[in-house]
Amino acid sequence: MQIATWNVNSLNVRLPHVLGWLAENPVDFLCLQELKMVDEKFPLAALQEAGYDAVFAGQKTYNGVAILRRIARTPAAVATQINLPTFADEQKRVIAATYGDVRVICAYFPNGQAVGSEKFAYKMAWLAGLQTWLQAELTQYPKMVFVGDFNIAPDDRDVYDPVEWAGQIHCSEEERTAFKNLLALPLHDAFRHLEAGDKHYSWWDYRQMAFRRNRGLRIDHILVSDALLPHVSRCWIDKTPRKLEQPSDHTPVIVEIN
DNA sequence: ATGGCGGTATGTTACCGA
């Protein structure tokens, strides 16, 4: 089974990239963030033509999340959950569904803007709600994959310039502690399970040729539960779509679970 | 210190993202 996560920064603009990527990478599940579209605009027909079904939670202009499943290889979604039951939110940042005995959760964490800002307080409150909910989810679903754009770089290996970013948004102690709290549930960072090195990023700023200079952050993650960890055989970042014309600033992260 | 780039709507500029 292969599960991928990708912040597409507008599914309207990036649909050709998504379809092209799925043709090359026929993963079982693809979790998307930042759809930036209302549900009425969701391109379900085009995805179905490509062999994928979806559950989705859209929103105008901002946010929006979806889980795509390969129809031929996966059971239909049941117990679909939109947003955190533990945190009242107008913004669409979470979608979860169960496929067979595997719970797939797709999240777009708040950005936080700047440490100490109102948006940072929102991020931390959202994270507290997330922690409580995931703890309950784990008791119900031992086989869990929790993926998405976390907007947290877990440690300095995940940052192109840790000195410049020290204490800044995505790298602050508060955010990194929240990430560690997720690992304590326990959940496991599939990428770090297999790769200890630095300079592996999932996001690069559009400006200042950041991608070409590999000035990026690893902020898109795949966490797996205890029951699935022994079955994780690969986890990698696919930089290919970041090289296309008009790319998303994020690129897919994929896990293989046998 | 600021803006850089890109997407979107409030639309020829502002807001947000990271």
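To find a chain, count down the sequence lines: A is the first, B the second, and so on, and within it residues start at 1.
- Between A:N9 and the phosphate of B:dG6, there is no side-chain N or O to OP1/OP2 separation shorter than 4.0 Å.
- Residue A:N7 is in sugar-phosphate contact alone, with no base atom involved, counting any heavy-atom pair closer than 4.0 Å across all strands shown.
- Taking the six-membered ring where the residue is Trp, A:H170 and A:W165 present tilted rings, their angle falling between 30° and 60°.
- Between B:dA18 and B:dG7, the distance separating the two C1' atoms is 14 Å to the nearest Å.
- What separates CG of A:D149 from P of B:dA18 is a distance of 5 Å, to the nearest Å.
- We find that CG of A:L217 is positioned 10 Å from P of B:dA18, with the value rounded to whole Å.
- Ring geometry for A:W204 against A:F211 counts as perpendicular: the plane angle is over 60°, on a 0 to 90° scale with 30° as the lower cut.
- Taking atom CD of A:E164 as the reference point, atom C1' of B:dA18 lies 12 Å away to the nearest angstrom.
- Look at CH2 on A:W204: it is 16 Å from C1' on B:dC5, rounded to the nearest Å.
- When the side-chain nitrogen and oxygen atoms of A:Y108 are compared with OP1 and OP2 of B:dA18, one or more of them lie within a distance under 4.0 Å.
- Atom-to-atom, CG of A:D205 to P of B:dG3 comes out at 15 Å; the value is rounded to the nearest Å.
- B:dC16 atom P lies 13 Å from atom CD of A:Q59, rounded to whole Å.
- Applying the 4.0 Å criterion to OP1 and OP2 of B:dA18, one finds that A:H250 has a side-chain N or O inside that range.
- Nucleotides B:dG3 and B:dC16 place their C1' atoms 15 Å apart, quoted to the nearest Å.
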From CA spacing to verdict: salt bridge (Lys or Arg N to Asp or Glu O under 4.0 Å), A:D39, A:K92: CA-CA 11 Å; A:D39 286 347; A:K92 296 294 192 295; over 6 Å; no

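- Distance A:M37 CE to B:dG7 C1': 12 Å, rounded to the nearest Å.
- The phosphate of B:dC16 has OP1 or OP2 within less than 4.0 Å of a side-chain N or O from A:K119.
- For A:Q246, a side-chain nitrogen or oxygen approaches OP1 or OP2 of B:dG7 to under 4.0 Å.
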